[in-house]
Engineer: 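First, the structure itself, so that you have it in front of you.
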Amino acid sequence: MKDSRIRYFAANMERLSRRDRVFINNPVIMQGLGLAPIVIAATTIQSAVMLALATAILLTPTRIIAAALSRRLSLTVRAIIYAVASGAVYFAVAWIMDILFANQTLQVGTYLPLMVLEPLVIKRYENPRRERITTSFRKGIITTIGFCLVLLLVAALREMLAFGTVGGIVMFRGPAWPMASMPAGGFILLGFIAAVWRGTVAAFKRNVGKGAKKLQ
Amino acid sequence: MSVLLQNLADFLLVALAALFVQNAVLTRGFGVSRLTKLVSDSSTDSIIFCALLCTINVLSALPAYFANLFLETPEIWYRDYLRPLVFVLCAALALLVVHLVISLLKFRSKANLLAVLPMATFNTAVLGPLLIMAGQNFAFIQTMAFALGSGLGYAFAVVIVTEGERKMNNRSVPAAFRGLPIKLIYIGILALAIFGLTGHRVAI
């Protein structure tokens, strides 16, 4: 790693650990959010794309609407506002998904409407601090990117292991690990991915720390 | 008498199925994000959380059943778009009832209960069973039994994952696997055990 990069990461690591929702503080890998759709419904790239699109349409508008409405309110009222806002935005999500995918949404079953109360979408109500609209927009976007990245990664691996294809393209004959399409396989695979990801983040932080010490 | 016994048997059968073979967490992953946090969070009492979740599950199933009957009328072509919002409102109604009851009672851990209540209400472990019940056109008895069984099933999953977490919290687990990764692998093995018991995947 270049010295300038080491200096940058060393100086901003704490901020990055809080703000980066893609790699260092991924919502799925680090915070355990959005697990249900990933481990159960994301068995193919196609189902993952549907879930990713639904999340993209649902998460940020819900967060913005709820942030605008829930100011100086109690935890219970904030929770109701976030949940109802999510349910209301879902109306548009379901309509768009119906136009784009029609009956194919049956592949993801209840996991599409279930996104309404997924902690990934509504967990912000637990934080009593007011959130500015611009902040909710920015955080909504980066959280969506972080979630979709893991969703598509897990779905691609599950499809490849369970069916021998990726996005319908044949990679090898026959399934390598049929259990990958089952909930048990989803949990186990995500567990291993989380371990590798977390190990990589820890190694990255260690390297930055060591590099910063050498530069001093 | 035979009708009563028939209904009772139906209730027990559906509740037991929801508790074990269709366990909300281990077969459908409902509420798993919250569960992974709950088992390692010493500030939240798991027993209180599960008791509240069970209560909310049953209380929200009651209005949700009737709301779903209304949604199934042919004029409402947009029922699938609206159903999650309606069920969220049913859960919110249940939350308000429980909130009112807790507020009226006098006991020491009242504040703790009120702090946990929204998390136990707006949870996929509450919405998920309601969506399954609507999708499978359950009768009233089956709806209530499934709601109760799902709540108890969540509590059952919390107990076994908490016990697993206690045993896995040692140095023999590699550093990268500690925390969420090993918990997910453990839940995966439990899910596999349930699959071994039933021999088939549940409908999602």
Side-chain angles (χ1 to χ4, degrees), chain A residues 29-41 75-76 78-80 82-84 86-88 90-95 98 108-120 122-123 125-126 179 181-200 202, chain B residues 26-37 78 80-89 91-92 95-96 99 114-115 117-119 121-128 131-132 135 174-195 201-204:
Chain A
I29 303 295
M30 297 298 177
Q31 300 171 41
L33 302 175
L35 297 176
I38 291 180
V39 294
I40 312 289
L75 175 73
T76 307
R78 272 201 318 274
I80 292 173
Y82 269 81
V84 172
S86 181
Y90 178 78
F91 195 97
V93 173
W95 182 60
D98 215 13
V108 288
T110 53
Y111 292 86
L112 207 56
L114 203 67
M115 289 304 294
V116 167
L117 290 192
E118 185 53 58
L120 180 84
I122 62 160
K123 199 181 184 299
Y125 78 81
E126 290 171 27
M179 205 175 86
S181 68
M182 289 160 43
F187 278 116
I188 293 169
L189 187 67
L190 185 61
F192 276 97
I193 291 171
V196 172
W197 193 303
R198 284 176 167 220
T200 311
Chain B
L26 303 177
T27 62
R28 293 192 170 103
F30 293 158
V32 72
S33 297
R34 181 68 65 189
L35 184 141
T36 55
K37 282 260 182 305
Y78 48 86
D80 291 338
Y81 307 169
L82 199 61
R83 194 171 276 128
L85 177 62
V86 172
F87 287 170
V88 163
L89 291 172
L95 175 139
L96 292 175
H99 195 287
L114 290 176
L117 186 57
M119 294 165 216
T121 305
F122 299 117
N123 191 319
T124 50
V126 172
L127 181 63
L131 291 166
I132 294 289
F177 280 85
R178 281 180 212 153
L180 182 70
I182 195 72
K183 233 179 280 174
L184 289 173
I185 294 169
Y186 179 65
I187 296 171
I189 294 166
L190 293 173
L192 190 62
I194 294 283
F195 177 75
R201 284 182 69 171
V202 296
I204 61 166

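Residue numbers start from 1 in every chain, and the chains themselves are labelled A, B, ... in the order their sequence lines are given, proteins ahead of strands. Values below: every heavy atom of this structure, side chains too, minus hydrogens, waters and symmetry copies.
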Engineer: Does any non-hydrogen side-chain atom of B:Y81 lie less than 4.5 Å from one of A:D98?
Structural biologist: yes

Engineer: To the nearest 0.5 Å, what is the distance between CZ (B:F122) and OH (A:Y82)?
Structural biologist: 13.5 Å

Engineer: Compare all side-chain heavy atoms of B:P181 with those of A:R198 and state whether any distance is below 4.5 angstrom.
Structural biologist: yes

Engineer: Which residue out of A:A202, A:P183, A:G199 racks up the most heavy-atom pairs below 4.5 Å with chain B?
Structural biologist: A:P183

Engineer: Can you tell me which of B:L190, B:L26, B:L180 forms the most heavy-atom pairs within a distance under 4.5 Å of chain A?
Structural biologist: B:L180

Engineer: State the CG-CD distance between B:L127 and A:E118, to the nearest 0.5 angstrom.
Structural biologist: 10.5 Å

Engineer: Which answer fits B:T36, side chain, backbone, both or neither, if we ask what part of it has an atom under 4.5 Å from a heavy atom of chain A?
Structural biologist: side chain

Engineer: So, using side chain to side chain contact (heavy atoms under 4.5 Å, CB included) as the criterion, who are the partners of A:S86 when residues are at least two apart?
Structural biologist: A:L58, A:T62, A:V116, A:V121, A:I122

Engineer: Could you pull out the closest heavy-atom pair between B:G188 and A:A184, with the gap in Å?
Structural biologist: O-CB, 3.3 Å

Engineer: Taking side chain as C-beta onward, heavy atoms only, is A:Y125 less than 4.5 Å from B:P118?
Structural biologist: yes

Engineer: Quick one, B:N123 and A:L117 - any side-chain contact, counting heavy atoms below 4.5 Å?
Structural biologist: no

Engineer: Could you measure the distance from the CG atom of B:L184 to the CD1 atom of A:I188? Nearest 0.5 Å is fine.
Structural biologist: 10.0 Å

Engineer: Where on A:A83 is there a heavy atom nearer than 4.5 Å to chain B: the side chain, the backbone, both, or neither?
Structural biologist: both

Engineer: Supply the atom-to-atom distance A:T76 OG1 to B:H99 NE2, rounded to the nearest 0.5 angstrom.
Structural biologist: 3.5 Å

Engineer: Who are the side chain to side chain contact (heavy atoms under 4.5 Å, CB included) partners of B:L82, not counting sequence neighbours?
Structural biologist: A:F91, B:L71, B:Y78, B:L85, B:V86

Engineer: Could you tell me which portion of A:M115 (side chain, backbone, both or neither) has an atom closer than 4.5 angstrom to a non-hydrogen atom of chain B?
Structural biologist: neither

Engineer: Taking C-beta and beyond as the side chain, do A:M179 and B:L192 meet within less than 4.5 Å on heavy atoms?
Structural biologist: yes

Engineer: Can you say whether A:Q31 sits under 4.5 Å from chain B via the side chain, the backbone, both, or neither, judging by heavy atoms?
Structural biologist: both

Engineer: Side chain of B:K37, backbone of A:L33: donor and acceptor closer than 3.5 Å?
Structural biologist: no

Engineer: Less than 4.5 Å to any heavy atom of chain A: does that hold for the side chain of B:V88, its backbone, both, or neither?
Structural biologist: side chain

Engineer: Counting the benzene-type ring for Trp, do A:F192 and B:F177 have ring centres under 6.0 Å apart?
Structural biologist: yes

Engineer: Ignoring hydrogens and geometry, is there a side-chain-to-backbone donor-acceptor pair from B:S33 to A:G32 under 3.5 Å?
Structural biologist: yes

Engineer: Report which part of A:I29 has an atom under 4.5 Å of a heavy atom belonging to chain B: side chain, backbone, both, or neither.
Structural biologist: backbone

Engineer: Does any heavy atom of chain A fall under 4.5 Å from the side chain of B:R83, the backbone, both, or neither of them?
Structural biologist: neither

Engineer: Which heavy atom in B:P84 sits nearest to a heavy atom in A:P113, and how many Å separate them?
Structural biologist: CG-CB, 3.5 Å

Engineer: If you count heavy-atom pairs under 4.5 Å between each of B:L131, B:D80, B:I194 and chain A, which one has the most?
Structural biologist: B:L131

Engineer: Just say parallel, tilted or perpendicular for the rings of B:F30 and A:Y111, cut-offs at 30° and 60°.
Structural biologist: tilted

Engineer: Just how far is it from atom CD1 of A:I80 to atom OG1 of B:T121, taken to the nearest 0.5 Å?
Structural biologist: 8.5 Å

